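Notes follow the structure.
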Amino acid sequence: MAYIPINFQEKLAKFQEHWSPKVIAEMNDYQFKLVKVQGDFVWHKHDDTDEVFIVIEGQLIIEFRDGEVRLNEGEMFVVPRHVEHKPYAASECKILLVEPMGVVNTGEAPSELTAENDVWI
């Protein structure tokens with residue numbers, strides 16, 4: 001086994017596209033995914049899992065039908081399963097997602113922003 005830490009900035013430098021999560025590690029049945037976001041995402045929900053957003057750099061707004069939450073660097077928020085939400089970032093924001101393997105980024109709402117799953121960097 002190699003004892004090498006995973007550096008977020010090195011991994012983030014390996015891709016430029018937005019809204020396309022990249023797997024950097026696995027733990028049990030969960031994946032740690034880095035993603036760069038900018039602009040509007042789609043309204044969606046996840047019926048089988050909660051979703052955690054951890055902001056590494058920038059600001060992320062998660063809109064809900066009845067309000068919103070603003071996340072700054074070093075902050076996180078857990079969106080409970082079944083809750084419809086729409087992430088948004090006015091300028092590029094870098095986040096870490098922790099999700100069960102196989103979670104589709106657009107949840108129950110396939111769209112042009114649906115990313116390929118299980119892409120490692």
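Computed from a predicted structure; not experimentally measured.
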Using modelled atom types and a 3.5 Å cut-off, is there a donor and acceptor pairing between side-chain atoms of [X] and backbone atoms of [Y]?
{"X": "His85", "Y": "Val83", "value": "yes"}
{"X": "Asn7", "Y": "Gln9", "value": "yes"}
{"X": "Asn72", "Y": "Gln59", "value": "no"}
{"X": "Lys94", "Y": "Leu34", "value": "no"}

Shared ILVMFWY cluster between [X] and [Y], side chains joined below 4.5 angstrom?
{"X": "Phe15", "Y": "Ile6", "answer": "yes"}
{"X": "Val79", "Y": "Val42", "answer": "yes"}
{"X": "Tyr30", "Y": "Leu96", "answer": "yes"}

So do [Y] and [X] actually touch side chain to side chain, heavy atoms under 4.5 Å?
{"X": "Phe32", "Y": "Val23", "result": "no"}
{"X": "Ile121", "Y": "Leu12", "result": "no"}
{"X": "Phe8", "Y": "Glu57", "result": "no"}

With sequence neighbours left out, what residues match [X] under side chain to side chain contact (heavy atoms under 4.5 Å, CB included)?
{"X": "Val52", "value": "Ile54, Met76, Val78, Val98"}
{"X": "Val69", "value": "Ile62, Phe64, Leu71, Phe77"}
{"X": "Ala90", "value": "Tyr88"}

Q.
Does anything in residues 24-41 form a salt bridge (charged side-chain N to carboxylate O under 4.0 Å, His left out)? List the pairs, not counting sequence neighbours.
A.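 Of all non-adjacent pairs touching residues 24-41, those that pass salt bridge (charged side-chain N to carboxylate O under 4.0 Å, His left out) are Lys33-Glu99, Asp40-Lys86.
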**Q.** Pairs meeting criterion salt bridge (charged side-chain N to carboxylate O under 4.0 Å, His left out) with involvement of residues 69-78, two or more places apart
**A.**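 Checked against salt bridge (charged side-chain N to carboxylate O under 4.0 Å, His left out) - neighbours excluded - the pairs reaching residues 69-78 are Glu68-Arg70.
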Q. For Glu17, does the CD atom sit with more than 12 other heavy atoms under 6.0 Å from it, leaving out its own atoms?
A.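 More than 12 heavy atoms, drawn from other residues, nucleotides or ligands, come within 6.0 Å of this atom.
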Calculate, to the nearest 0.5 Å, the distance between atoms [atom1] and [atom2] belonging to [X] and [Y] respectively.
{"X": "Lys14", "Y": "Gln16", "atom1": "NZ", "atom2": "CD", "value": "13.0 Å"}
{"X": "Met101", "Y": "Asp118", "atom1": "CE", "atom2": "CG", "value": "7.5 Å"}
{"X": "Glu92", "Y": "Gln38", "atom1": "CD", "atom2": "CD", "value": "6.0 Å"}
{"X": "Ile95", "Y": "Phe53", "atom1": "CD1", "atom2": "CZ", "value": "5.5 Å"}

(Q) Working note: Ser20 + Val119, criterion side chain to side chain contact (heavy atoms under 4.5 Å, CB included); need CA distance, chi angles, decisive distance, verdict. (A) CA-CA 9 Å; Ser20 185; Val119 176; over 6 Å; no
Q: Measure across Ala115 and Pro21 and return the closest heavy-atom pair with its distance rounded to 0.1 Å.
A: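 Shortest heavy-atom contact: CB-CD, 3.8 Å.
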(Q) Consider side-chain contact (heavy atoms from CB on, under 4.5 Å). Of Leu97, Val35, Thr114, which one does Asn105 pass it with? (A)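 The side-chain contact (heavy atoms from CB on, under 4.5 Å) with Asn105 is passed solely by Thr114 among Leu97, Val35, Thr114.
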(Q) Pair Lys45, Glu84 - check salt bridge (charged side-chain N to carboxylate O under 4.0 Å, His left out), show working. (A) CA-CA 5 Å; Lys45 63 180 178 160; Glu84 196 174 20; over 6 Å; no
(Q) If the condition is ring pair (Phe, Tyr, Trp, His ring centres under 6.0 Å), which residues does Phe41 pass it with, not counting sequence neighbours? (A)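 Partners of Phe41 under the ring pair (Phe, Tyr, Trp, His ring centres under 6.0 Å) test: Trp19, His44.
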